[in-house]
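In what follows, a structure is listed as structure tokens, so that the remarks can point back to it.
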Amino acid sequence: MVLPLLEQPDDWTEPGAHAVVDHVYRIPLALPVDGLAAVNVYVIEDPGGLILIDSGWARPETEKALVEALQSLGHRLGDIDQIIVTHAHWDHYTQALALRESLGTRVRIGWEERHSIEDFDLADGSYPRQAVLLRACGAPELAARVEAMTAEPHELDMPFGPPDAWLKDGERIVLADRRLDVLATPGHTRGHVVLRDPLGGLLFSGDHVLPYITPSLGFERSPERHPLRSYLASLRLVRGMPDALLLPAHGPVTRSVHTRVDELIAHHEERLDEVVRQVASGADTAYAVARALPWTRRLRRLDDLPLVHQMTAVLEIDAHLDVLAGQGAVTWRDVEGTRRFAPAG
């Protein structure tokens with residue numbers, strides 16, 4: 001049974017601590033990047049100490065907003081017993097590491113995130129693996145522009161590194177009045193996890209299921225080879241469980257995980273149909289398909305997107321082509337390092 005949702009502000013980014021259900025609060029924290037206004041972190045009140053799910057982007061403004069929100073609940077930063085992080089993107093992970101450094105707070109994250117955490121080194125560039133993948137997608141000029149990218153000021157001196165402990169799929173975190181089941185949901189990143197409270201009817205979904213956004217795929221330091229295959233399987237995993245309140249990392253809390261999962265699956269099915277039609281029309285690389293399709297709700301051309309969004313768009317199409325190849329809908333061959341696609345048969 002899904003519990004009733006307590007009243008939420010009309011603007012999900014409104015600062016403060018907003019009660020979701022009894023003893024669970026949502027705290028939106030502003031982000032220093034374009035395209036994402038804020039990230040939701042969640043506080044669970046437990047007799048053994050506060051549990052924080054995700055943490056925000058490490059910077060003084062984040063810590064100040066978190067302190068003020070906790071104070072409104074009668075708590076302080078030192079009351080946080082542990083921070084559970086859904087994945088290693090900076091808006092989820094880095095403030096947790098900053099709090100560990102200043103307060104000794106325990107930090108835990110999914111086991112499969114170790115690949116990107118251990119491989120992280122800004123000296124190698126912002127997106128070294130993505131540049132390699134873009135060349136295989138038939139986009140060498142775009143790859144060169146990505147290789148030339150340098151870190152933004154807000155990306156420098158970020159705390160980064162391994163957690164205190166790794167979370168394993170199927171692990172159960174037992175609290176006084178609830179439990180959190182750890183579910184591996186690879187796709188957005190290879191080590192992404194969600195936390196399911198089966199007794200409370202809650203799903204802390206991180207970036208796996210978002211109410212307004214279609215999550216990017218494999219956007220990480222060391223992505224897996226088949227991110228969309230993993231993502232669709234992860235969506236079906238969550239869809240096969242009892243419905244729950246959706247507590248996302250970006251956007252408002254909503255009443256049904258199932259409703260949004262169905263929409264996301266339908267979106268990707270439509271995209272697969274669009275991609276196979278473009279291949280049938282002669283687009284033979286992921287880059288060519290991406291240039292032929294509209295992007296965002298504004299139906300923009302690929303070349304009109306910001307550079308990082310161009311990169312993720314092309315790699316998303318590559319992931320769709322990978323699924324279609326696995327289904328036997330298209331074939332591909334390597335031509336001098338570029339994957340070239342054709343209709344099956």
Show me, pair by pair, the donor-acceptor contacts under 3.5 angstrom made by side chains of residues 328-341, not counting sequence neighbours?
unit_1 : atom_1 : unit_2 : atom_2 : d
Asp334 : OD1    : Gly337 : N      : 2.8
Arg339 : NH2    : Asp318 : OD1    : 2.8
Arg339 : NH2    : Asp318 : OD2    : 2.8
Arg340 : NH1    : Asp284 : OD1    : 3.3
Arg340 : NH1    : Asp284 : OD2    : 3.1

Quiz item: Does the pair Leu99 and Leu77 meet the rule for a side-chain contact (heavy atoms from CB on, under 4.5 Å), with working shown?
Solution: CA-CA 8 Å; Leu99 292 176; Leu77 281 181; 3.9 Å; yes
Has the side chain of [X] got a donor or acceptor atom that lies under 3.5 Å from a matching backbone atom of [Y]?
X	Y	result
Tyr42	Ala249	no
Gln8	Ala19	yes
Gln82	Arg106	no
Tyr25	Val41	no
His188	Ser216	yes
Thr62	Trp57	yes
His192	Asp207	yes
Asp164	Val107	yes
Asp54	Thr86	yes

Contact check, side chains of [X] and [Y], non-hydrogen atoms, under 4.5 Å:
X	Y	value
Glu112	Trp166	no
Val276	Gln327	no
Glu171	Val193	no
Glu101	Leu97	no
Leu247	Val24	yes
Phe219	His89	yes
Leu302	Tyr287	yes
Arg114	Ile109	no

Minimum heavy-atom distance between [X] and [Y], given as atom pair plus value:
X	Y	value
Gly251	Asn40	O-ND2, 2.8 Å
Pro159	Ala98	CG-N, 4.2 Å
Pro28	Glu14	CG-O, 3.1 Å
Val279	Pro343	CG1-N, 3.7 Å
Leu210	Pro248	CD2-CB, 4.0 Å
Thr285	Cys137	CB-O, 3.4 Å

Drop me the distance from [X]'s [atom1] to [Y]'s [atom2], to the nearest 0.5 angstrom.
X	Y	atom1	atom2	result
Tyr127	Leu133	OH	CG	13.5 Å
Asp243	Leu203	CG	CG	9.5 Å
His18	Trp12	NE2	CH2	10.5 Å
Leu70	Arg76	CG	CZ	11.0 Å
Glu274	Ile317	CD	CD1	8.0 Å
Ile213	Arg260	CD1	CZ	9.0 Å

Quiz item: Can you say whether the rings of His87 and His92 are parallel (under 30°), tilted (30 to 60°) or perpendicular (over 60°)?
Solution: tilted
Self-check item: Phe160 and Phe120 aromatic ring geometry - parallel, tilted or perpendicular at 30°/60° bounds
Solution: tilted
Exercise. State which residues pass side chain to side chain donor-acceptor pair (under 3.5 Å) with Arg172; sequence neighbours excluded, sorted by chain then number.
Key: Asp181
Practice problem: Could you list the residues that satisfy side chain to side chain donor-acceptor pair (under 3.5 Å) with Glu220, not counting sequence neighbours? | Solution: Ser116
Quiz item: Within 45° of the six-membered ring axis of Trp295 and under 6.0 Å from that ring's centre, is NZ or CZ of Arg271 located there?
Solution: yes
Exercise. Just do the side-chain contact (heavy atoms from CB on, under 4.5 Å) check on Leu134 and Leu315 with the steps written out, would you?
Key: CA-CA 7 Å; Leu134 286 170; Leu315 296 179; 4.0 Å; yes
Practice problem: Using a strict 4.0 Å threshold on nitrogen-to-oxygen distance, state whether Glu147 and Arg135 make a salt bridge. | Solution: yes
Practice problem: Return yes when atom NE2 of His258 has more than 12 non-hydrogen atoms of other residues, nucleotides or ligands closer than 6.0 Å, and no otherwise. | Solution: yes
Quiz prompt | Criterion salt bridge (charged side-chain N to carboxylate O under 4.0 Å, His left out) on Glu141 and Arg145, from CA distance to verdict | solution = CA-CA 6 Å; Glu141 296 85 2; Arg145 291 167 60 202; over 6 Å; no
Quiz item: Under the criterion side-chain contact (heavy atoms from CB on, under 4.5 Å), which of Thr254, Leu202, Val238 is the partner of Leu246?
Solution: Thr254
Self-check item: Member of Arg178, Met241, Arg179 meeting the side-chain contact (heavy atoms from CB on, under 4.5 Å) criterion with Pro198
Solution: Arg179
Exercise. Assess whether side-chain contact (heavy atoms from CB on, under 4.5 Å) is satisfied between Leu324 and Val275, documenting all intermediate values.
Key: CA-CA 9 Å; Leu324 290 167; Val275 170; 3.6 Å; yes
Practice problem: List the steps and the verdict of side-chain contact (heavy atoms from CB on, under 4.5 Å) for Val182 and Leu195. | Solution: CA-CA 5 Å; Val182 178; Leu195 300 161; 3.7 Å; yes
Quiz item: Is Val132 linked to Leu321 within one hydrophobic cluster, defined over Ile, Leu, Val, Met, Phe, Trp and Tyr using a side-chain heavy-atom separation of less than 4.5 Å?
Solution: no
